[in-house]
J.: 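One structure, as structure tokens, below. Some questions next.
Chain identifiers are assigned alphabetically (A, B, ...) following the order of the sequence lines, protein sequences preceding nucleic acid strands; residue numbering begins at 1 within each chain.
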Amino acid sequence: MSVAVETKDTRELFISEHARVEDSLAGSRLGWLLRLRKAAIRSFAERGYPTLDEEDWRQTSVAPIARTAFRAAEATKFHGRAGEELEREAAGGLAACRLVFVNGFYAPELSSVPRLPEGGLRVGSLAALLRAGGEVLEPHLAQLADDGRNPFVALNTAFFADGPYVHVPARTALDFPVHLLYVATESAEPAAAFPRALLVTERETKATFIETFVGPPSASYFTNAVSELLVGENAHIEHVKLQREGDAAFHVATLQARQARNSNFVSHSFSLGGLLVRNDLNVVLDGEGIETTLNGLFRCTGRQHIDNHTLLDHAKPHGSSRELYKGILDGASKGVFNGKIIVRKDAQLTDAQQTNMNLLLSDEAYIDTKPQLEIFADDVKCKHGATIGAIDSDALFYLRSRGIPSDTARRMLITAFANEMIGRVPVEPVRERLLELIPQQLLQGR
Amino acid sequence: MLEIRNLCARVEGKEILKGIDLHVKAGEVHAIMGPNGSGKSTLAHILAGKEGYEVTAGEALYEGKNLLEMDPEDRAREGVFLAFQYPVEIAGVSIAAFLKAAVNAGRKHRGQPELDAMEILSMLEDRCKFVEMNKEFLKRNVNDGFSGGEKKRNEILQMAVLEPRLAILDETDSGLDIDALRIVAGGVNKLRRPDRAMVVVTHYQRLLDYIQPDHVHVLQAGRIVKSGGPELAHELEKSGYRWLELEPKGAQSVSVR
């Protein structure tokens with residue numbers, strides 16, 4: 001048994017924690033997975049937590065995570081406030097196909113999976129598939145996300161117990177979104193959950209995935225999530241991430257996507273909760289004629305720190321990417337937007353546009369915004385721009401001059417700023433929920 | 001309804017208004033004319049409560065209350081309306097949502113029940129006729145991508161919806177072609193009422209061909225240098241503002257930086 005003592009760096013703790021739990025993890029008898037997990041924990045042991053000296057982590061200190069002695073979260077029955085949350089999340093049509101993971105473990109009693117025809121859409125738990133041999137997983141699992149590049153990805157590979165597996169076979173168009181809901185529960189000592197998603201879409205498919213993260217308020221816990229998404233040839237895939245962790249939570253997550261030729265991928269990332277949050281979104285445009293759209297909205301208040309790192313890796317010709325991230329920052333919060341665009345030598349006629357717009361609502365709020373362009377091809381169009389501003393005092397006066405109270409006017413202007421991103425979400429219940437959530441959170445932050 | 005006495009104001013240390021006196025009664029339309037930089041817009045902004053102006057002397061009473069001490073939203077809810085010279089573009093807020101918030105803020109202030117979305121919408125659709133607007137207009141974002149004429153019509157639409165007791169029109173005619181001017185002025189005329197006063201600030205006499213004022217004041221270098229009836233506007237049109245400069249001026253204030 002490991003003892004929860006606070007040390008400067010709890011790396012050792014995670015290593016011994018791994019030794020403690022590894023035999024109980026799903027697929028522990030599968031050689032290929034065992035090798036992946038061993039390599040991952042070794043990689044983490046050698047490298048440790050990222051530091052501020054590293055280019056990718058310059059703006060975000062993970063010291064609060066490194067200082068906390070986390071235990072790997074255990075499967076548990078789910079209770080309390082999260083139950084109400086779940087009902088609300090499930091409302092309005094999102095329950096058509098919903099997989100719920102509590103502390104990273106599949107909770108079939110909370111999930112609703114429609115009757116699926118043989119040979120069609122397949123949804124289920126990674127752990128169940130691994131117990132059954134895991135043949136369908138071996139070609140894809142942990143093949144996209146890079147354990148060597150990001151120690152938190154390595155930790156997830158070493159520790160994940162479960163997570164969703166979704167397979168959309170060729171020429172399948174889903175007329176309902178697949179909702180993946182990750183719920184953290186309260187525990188006596190700080191716990192870390194490691195949900196892992198594998199989403200595979202074949203050629204000429206159409207699907208929308210929603211990943212929602214929720215957790216209890218004021219509880220110190222850690223969600224370390226990795227989602228791998230394969231976008232098939234000529235597929236049209238949308239992905240919505242709704243990060244609404246509790247206000248004392250740590251959330252470090254990577255969505256790693258790879259697109260095949262002529263595919264279209266749209267990501268919508270909404271980050272509202274958590275105390276220390278790092279979202280990595282890496283997309284490889286691995287074929288000709290690919291379109292990628294990255295939409296993001298983050299809102300932080302109090303002492304929240306939300307870091308969004310995106311990477312668009314244009315690897316082949318005729319790719320087009322559009323990226324718009326917006327930040328709303330209040331209190332003494334800090335936001336980071338780092339948008340990296342790589343245009344490889346082969347990726348001629350790439351057309352990439354990146355915009356980051358930030359609304360600062362207080363003097364203490366801080367935003368660090370940085371485009372990072374690495375262009376190796378010579379016939380490309382790349383544009384980027386960033387804005388940082390306060391609420392437009394002319395607009396505020398205009399609204400007030402019509403009798404609208406100052407607080408309402410501010411809220412209208414902030415909602416208007418957010419509306420552009422909310423309006424792009426293809427699922428109406430999610431749009432409605434966001435329209436409720438954004439002003440709500442604003443009122444709390446006042 | 002509006003009593004302005006010896007109003008003096010500075011912007012960034014520069015004296016703009018140097019003792020304005022103006023008395024406006026219910027039912028009257030006053031035109032304030034003057035060259036660029038005479039302080040016309042400053043006066044309009046101060047009356048509506050825009051920040052950035054320092055009132056150094058004098059007062060403005062609206063229905064006996066000290067207007068200058070009120071927040072802009074309170075002024076509006078008490079019935080003061082400013083039609084902006086440069087209406088502000090607000091992406092992401094529809095005219096319908098904007099006016100719903102404004103109407104209900106006023107109703108709440110007066111102790112009336114708030115209107116629901118359907119009631120507001122039918123009221124707004126009715127008021128659109130004042131400025132010859134299609135009701136589709138209500139779905140558009142406030143002034144976002146509007147032409148100059150559309151922006152000014154939107155101002156008059158808001159006035160028709162909010163039904164102020166005192167309306168201040170700040171250069172509502174500037175930049176309008178003759179058709180837009182006719183529509184805007186027509187809207188204003190339909191809103192003239194015995195219990196409503198209007199202060200029409202303009203650079204050009206042209207607007208006053210459409211909106212007949214009861215009183216005309218000429219503002220120059222921060223002072224009202226001449227007041228008269230509608231005929232004063234015609235004199236100005238004939239000879240321009242220059243002839244006024246030949247008249248004796250009062251002691252020049254020293255501008256403080």
Side-chain angles (χ1 to χ4, degrees), chain A residues 268 270 295-299 324-328 355-359 361 363 385 387-425 431-432 434-439 442-443 446, chain B residues 44-53 70-110 114 141-144 151 154-155 157-164 167-168 170:
Chain A
H268 311 263
F270 294 88
N295 299 316
L297 178 72
F298 54 100
R299 186 184 194 290
L324 174 58
Y325 264 67
K326 286 189 174 185
I328 303 171
T355 309
N356 171 229
M357 297 167 78
N358 300 288
L359 189 56
L361 302 178
D363 292 339
T387 62
I388 301 170
I391 283 193
D392 180 4
S393 61
D394 287 336
L396 193 62
F397 175 63
Y398 192 70
L399 295 176
R400 292 177 73 193
S401 80
R402 300 305 183 235
I404 299 171
S406 179
D407 266 10
T408 310
R410 281 171 64 89
R411 206 160 58 231
M412 283 174 78
L413 292 173
I414 294 162
T415 307
F417 182 78
N419 268 350
E420 184 178 7
M421 307 320 297
I422 297 172
R424 295 182 180 193
V425 174
R431 282 199 302 272
E432 283 171 4
L434 282 166
L435 281 170
E436 278 168 31
L437 283 169
I438 292 203
L442 191 79
L443 288 172
R446 296 256 93 208
Chain B
H45 286 161
I46 287 175
L47 293 176
K50 191 168 179 172
E51 284 172 17
Y53 299 92
M70 295 160 74
D71 281 334
E73 53 266 43
D74 290 329
R75 299 181 199 203
R77 289 180 287 209
E78 290 285 334
V80 179
F81 179 87
L82 171 67
F84 282 56
Q85 180 183 5
Y86 302 111
V88 182
E89 298 186 9
I90 306 179
V93 178
S94 70
I95 294 179
F98 166 52
L99 284 175
K100 179 169 185 260
V103 166
N104 281 334
R107 292 183 68 90
K108 206 171 155 192
H109 180 74
R110 292 187 293 271
E114 296 189 11
N141 287 336
V142 178
N143 296 319
D144 189 18
K151 284 183 181 172
N154 186 22
E155 294 296 291
L157 168 67
Q158 292 171 45
M159 180 172 148
V161 169
L162 297 172
E163 303 188 304
I168 303 152
D170 187 8

J.: What part of Val142(B) lies closer than 4.5 angstrom to a heavy atom of chain A: side chain, backbone, both or neither?
T.: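 Only the side chain of Val142(B) comes within 4.5 Å of chain A.
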J.: Give, as side chain, backbone, both or neither, the part of Ser406(A) having an atom under 4.5 angstrom from any heavy atom of chain B.
T.: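 For Ser406(A), heavy atoms of backbone and side chain both lie under 4.5 Å from chain B.
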J.: Of all the heavy-atom pairs spanning Gly403(A) and Ala76(B), show the shortest one and how long it is.
T.: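 Closest approach of Gly403(A) to Ala76(B): N-CB, 3.2 Å.
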J.: Using heavy-atom distances under 4.5 Å, tell me whether Ser401(A) contacts chain B through its side chain, its backbone, both, or neither.
T.: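 Both backbone and side chain.
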J.: At a heavy-atom separation under 4.5 Å, does Pro87(B) approach chain A through its side chain, its backbone, both, or neither?
T.: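 Contact with chain A involves both backbone and side-chain atoms of Pro87(B).
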J.: Nearest 0.5 Å please: distance from the OH atom of Tyr398(A) over to the CD atom of Glu155(B).
T.: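 If we round to the nearest 0.5 Å, Tyr398(A):OH and Glu155(B):CD are 3.5 Å apart.
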J.: To the nearest 0.5 Å, what is the distance between CD1 (Ile404(A)) and CG (Asn104(B))?
T.: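 Atom-to-atom, Ile404(A):CD1 and Asn104(B):CG are 10.0 Å apart.
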J.: Counting heavy-atom pairs under 4.5 Å with chain A, which one of Gly106(B), Pro164(B), Ala97(B), Gly49(B) comes out on top?
T.: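 Among the listed options, the one with the most contacts to chain A is Gly49(B).
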J.: Could you check whether the rings of Phe397(A) and Phe84(B) sit parallel, tilted or perpendicular, using 30° and 60° as the cut-offs?
T.: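 Phe397(A) vs Phe84(B) ring planes: tilted.
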J.: Treating Arg402(A) as the side-chain partner and Leu82(B) as the backbone partner, does any N or O pair qualify as donor plus acceptor under 3.5 Å?
T.: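 Flag set: sc Arg402(A) to bb Leu82(B) pair under 3.5 Å.
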J.: Which atoms of Asn143(B) come close to chain A, meaning under 4.5 Å heavy atom to heavy atom: side chain ones, backbone ones, both, or neither?
T.: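 It is the side chain, since no backbone atom gets that close.
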J.: Looking at every heavy atom in both Ala416(A) and Ala91(B), which two are closest together, and how far apart are they?
T.: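 Residues Ala416(A) and Ala91(B), closest heavy atoms: CB-O, 3.3 Å.
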J.: Scan side-chain atoms only and decide if Tyr86(B) and Asp394(A) contain a donor-acceptor pair under the 3.5 Å cut-off.
T.: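 No - no donor-acceptor pair under 3.5 Å links their side chains.
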J.: With a 4.5 angstrom heavy-atom cut-off, which part of Leu399(A) approaches chain B: side chain, backbone, both or neither?
T.: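 Both parts, heavy atoms under 4.5 Å.
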J.: Non-hydrogen atoms of chain A under 4.5 Å away: do they reach the side chain of Ala101(B), the backbone, both or neither?
T.: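 Answer is both: backbone and side chain atoms of Ala101(B) are under 4.5 Å from chain A.
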